[in-house]
There are 2 protein chains.
Amino acid sequence: MTPELRHLRYFVAVAEQLSFTVAARELHIAQQSLSQQIAALEHALGARLFDRDTRGTRLTEVGRVFLPEARAVLTHADAALETARRAVRGEVGRLRVAFLVSTANYMMPPVVRAFRERYPDVELLAEAVAIADLVAGLREDRYDAAFTRPPLVDDLVTATLVAEPVCAVLPAGHPLAGRPELRLADLAGEPWVLTPRGSWEPWHRKYDEDFRAAGFEPRVVQRADGVPSLLGLVAAGVGVTRLARSAHSLRRSGVAFVPIAGEQAETVMAWHPARDRQAVRNLLDVAAGLAASIDLTEAG
Amino acid sequence: MTPELRHLRYFVAVAEQLSFTVAARELHIAQQSLSQQIAALEHALGARLFDRDTRGTRLTEVGRVFLPEARAVLTHADAALETARRAVRGEVGRLRVAFLVSTANYMMPPVVRAFRERYPDVELLAEAVAIADLVAGLREDRYDAAFTRPPLVDDLVTATLVAEPVCAVLPAGHPLAGRPELRLADLAGEPWVLTPRGSWEPWHRKYDEDFRAAGFEPRVVQRADGVPSLLGLVAAGVGVTRLARSAHSLRRSGVAFVPIAGEQAETVMAWHPARDRQAVRNLLDVAAGLAASIDLTEAG
DNA sequence: CGGGGTTACAGTCGGAGCCTGTGACCCCAG
DNA sequence: CTGGGGTCACAGGCTCCGACTGTAACCCCG
């Protein structure tokens, strides 16, 4: 026989009560069963743990040595199970989170900070990545969750965190730069700088649709990858572009942000539905809580 | 269900093999039984430990957190059982040893030292006590073993360690002090100093017998308890007495020790037969080994 | 010397844990 | 495309272990 935790529990109970009868009552089993299990444990150890006779039960020297050991093992086992249960609740473990580069500058610091404060025993790995890698990472289980912009793909779940105005980005001093608000159609004649078509199909399909709805096809004078590059080209007077207002934090000089009427850019948290762990829900809760309490898009 | 060590063993095996089939083979059980037990553990924790499908088995995040915990508990449990087994072998624990005051001066230091060196994890409590307390202590389980002189009592077991000459103890300058050897009868006319009769009946019965065999009854001029007192009285010329040779180490001046032909004093280890633990045997082995290798009676 | 306490022994029962047989599924090689 | 070898899960049955009850032996105390 190989001893189980049950034997240790029984042993400790008898050692504490110094009575099989009382310990059995406490354990909700019969005294005979308890005697039997203790005997089995003693057999496995090769020595008696108790001296017992009709006038009582006393620990032997071996029992005296074993008692603290058995207690420690039981405590350790409880702690291990409790740790596992904390992991189930998403309070310990590891969480790999991707931030879309264009949202990382304002989302990552407050989200990471708030999450680490709330769940100090979760190892949070945060990474700023491009959209294609972000989606691939979620699908391939390289990331547990991601902060990004819609639209994405059908096989990922998303939850919207914040919505912000979409702005026309114009060179400083542009005739339209003073306006409080614009319509996309107002920019029909402008030279445009946009991201390369290949970067992420769903986005570009949406852009195409928006332009079609505005009644024109933009004259693209240059394509550049990444928000800072676009802002640089606009500041240099190469053309105009269209970005979420939060991008303004990346470049304050030489560009003007003018809201486009009725257009909203959302930031969402995305994850794979098959890997919907509690830690992911916790992250969503923290991020949603932040979004409700402070204006994340201004934080950068 | 409350998890047992078996579940942890099974979990670790699957986590190491990342295969139910292979782990089951290793554990000498069927794959189906293993799946069943893992499922039970998962149910107790409230979450899956493995993601499994037809193309393999992978740890979940909860499993990843739980794995080192489970390993640690198993290691701890093994260590606890090993400690208990060491206790069975008398390698850890506590040993309460009484030394008869008159043997303590030469037995206690080497025995305690040798035992502590051989069994460093045994807490050895050594005490020098009078014969009556020594016997009572063994009977009442206050001592596990004792070093003393026979004869004792029937209900204790003894093992002889060393035998040494019994000597007549004479004042320095006594007419018989120069002899290489004496017979008890040679001392028939001397004034005697002896221990009080009440100290330990079995000894006094033996003394009476010895004197009767020598054909005289000693004229006792004074009774005093303890070897130093007797030696002091002899040195002062009050009378003669009879002691084991090892008592010489307690007083070198003013007394002469002359062996009495054919008389031997034994030193024995005694213990209660009902409490015959391995640690007691170990102590006996150490003491017997010392007795064989060095002359304990000269050590003081 | 009976009553209340202890643990041990004997016999029985139910269920936990194991087994075998089978099925669904995936991947790779032919 | 299809068969073979791999994965794990489901279903049904058996065995034995850990429970149970009933009883006995023993000690101490009133």
Side-chain angles (χ1 to χ4, degrees), chain A residues 1-45 47-60 62-63 67 70 74 139-141 155 274-275, chain B residues 1-45 47-60 62-63 67 70 74 139-141 155 274-275:
Chain A
M1 184 220 59
T2 149
E4 294 288 341
L5 290 176
R6 180 183 55 253
H7 296 102
L8 303 189
R9 275 189 282 267
Y10 287 7
F11 166 64
V12 170
V14 176
E16 279 173 353
Q17 300 296 336
L18 288 182
S19 159
F20 280 73
T21 314
V22 175
R25 197 154 41 227
E26 182 184 289
L27 293 166
H28 303 110
I29 61 170
Q31 164 262 313
Q32 294 84 338
S33 309
L34 182 53
S35 294
Q36 192 175 312
Q37 292 303 306
I38 295 290
L41 177 58
E42 289 175 329
H43 185 76
L45 291 177
R48 305 229 105 186
L49 291 165
F50 298 101
D51 282 327
R52 48 246 208 223
D53 52 38
T54 101
R55 75 183 156 291
T57 301
R58 291 155 310 272
L59 276 170
T60 62
V62 174
L67 180 56
L74 290 172
R139 283 171 160 161
E140 293 163 16
D141 196 20
D155 56 345
R275 288 183 282 279
Chain B
M1 185 219 58
T2 150
E4 294 289 340
L5 291 176
R6 180 183 54 254
H7 297 103
L8 303 189
R9 275 189 282 268
Y10 287 6
F11 166 63
V12 170
V14 175
E16 280 173 352
Q17 300 297 336
L18 289 182
S19 159
F20 280 73
T21 314
V22 175
R25 197 152 41 226
E26 182 184 291
L27 293 166
H28 303 111
I29 62 171
Q31 164 261 313
Q32 293 86 335
S33 310
L34 182 54
S35 294
Q36 194 175 312
Q37 292 302 306
I38 294 291
L41 177 58
E42 289 175 330
H43 185 76
L45 291 176
R48 305 229 107 187
L49 292 165
F50 298 101
D51 282 328
R52 41 231 203 244
D53 53 37
T54 110
R55 75 183 155 290
T57 301
R58 293 155 310 271
L59 275 171
T60 62
V62 173
L67 180 56
L74 290 172
R139 283 171 162 163
E140 294 163 15
D141 195 19
D155 55 345
R275 286 183 283 279

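Every chain is numbered from 1 and lettered A, B, ... according to where its sequence line falls, protein lines coming before strand lines. Computed from a prediction, not measured in an experiment: that's the story for all the values here.
- B/Phe50 and B/Phe20 have perpendicular rings, their planes meeting at more than 60° on a 0 to 90° scale where under 30° would count as parallel.
- Under the 4.5 Å side-chain criterion, counting only non-hydrogen atoms from C-beta, A/His7 is in contact with A/Met1.
- When DNA chain D is scanned in the 5' to 3' direction for atoms under 4.0 Å from non-hydrogen atoms of chain B, the outermost contacting nucleotides are D/dG6 to D/dC10.
- At whole-Å resolution of the value, CG in B/Asp53 and P in C/dC25 are 13 Å apart.
- At a threshold of 4.0 Å, the pair B/Glu4-A/Arg9 counts as salt-bridged, since one of the basic side-chain nitrogens sits closer than that to a carboxylate oxygen.
- We find that CD of B/Glu4 is positioned 13 Å from C1' of C/dG17, with the value rounded to whole Å.
- Heavy-atom distances under 4.0 Å link DNA chain D to B/Gln31, B/Gln32, B/Ser35 of residues 30-38 of chain B, given in residue order.
- Contact annotation: A/Thr57 side-chain N/O to C/dT7 OP1/OP2 distance is under 4.0 Å.
- A salt bridge links A/Glu42 to A/Arg52: at least one charged side-chain nitrogen sits closer than 4.0 Å to a carboxylate oxygen.
- Summarising the geometry, the separation between CZ on B/Arg52 and P on C/dC25 is reported as 17 Å, rounded to the nearest angstrom.
- DNA chain C is contacted by no residue of residues 16-27 of chain B, taking any non-hydrogen atom closer than 4.0 Å.
- We find that CE of B/Met1 is positioned 18 Å from P of C/dG15, with the value rounded to whole Å.
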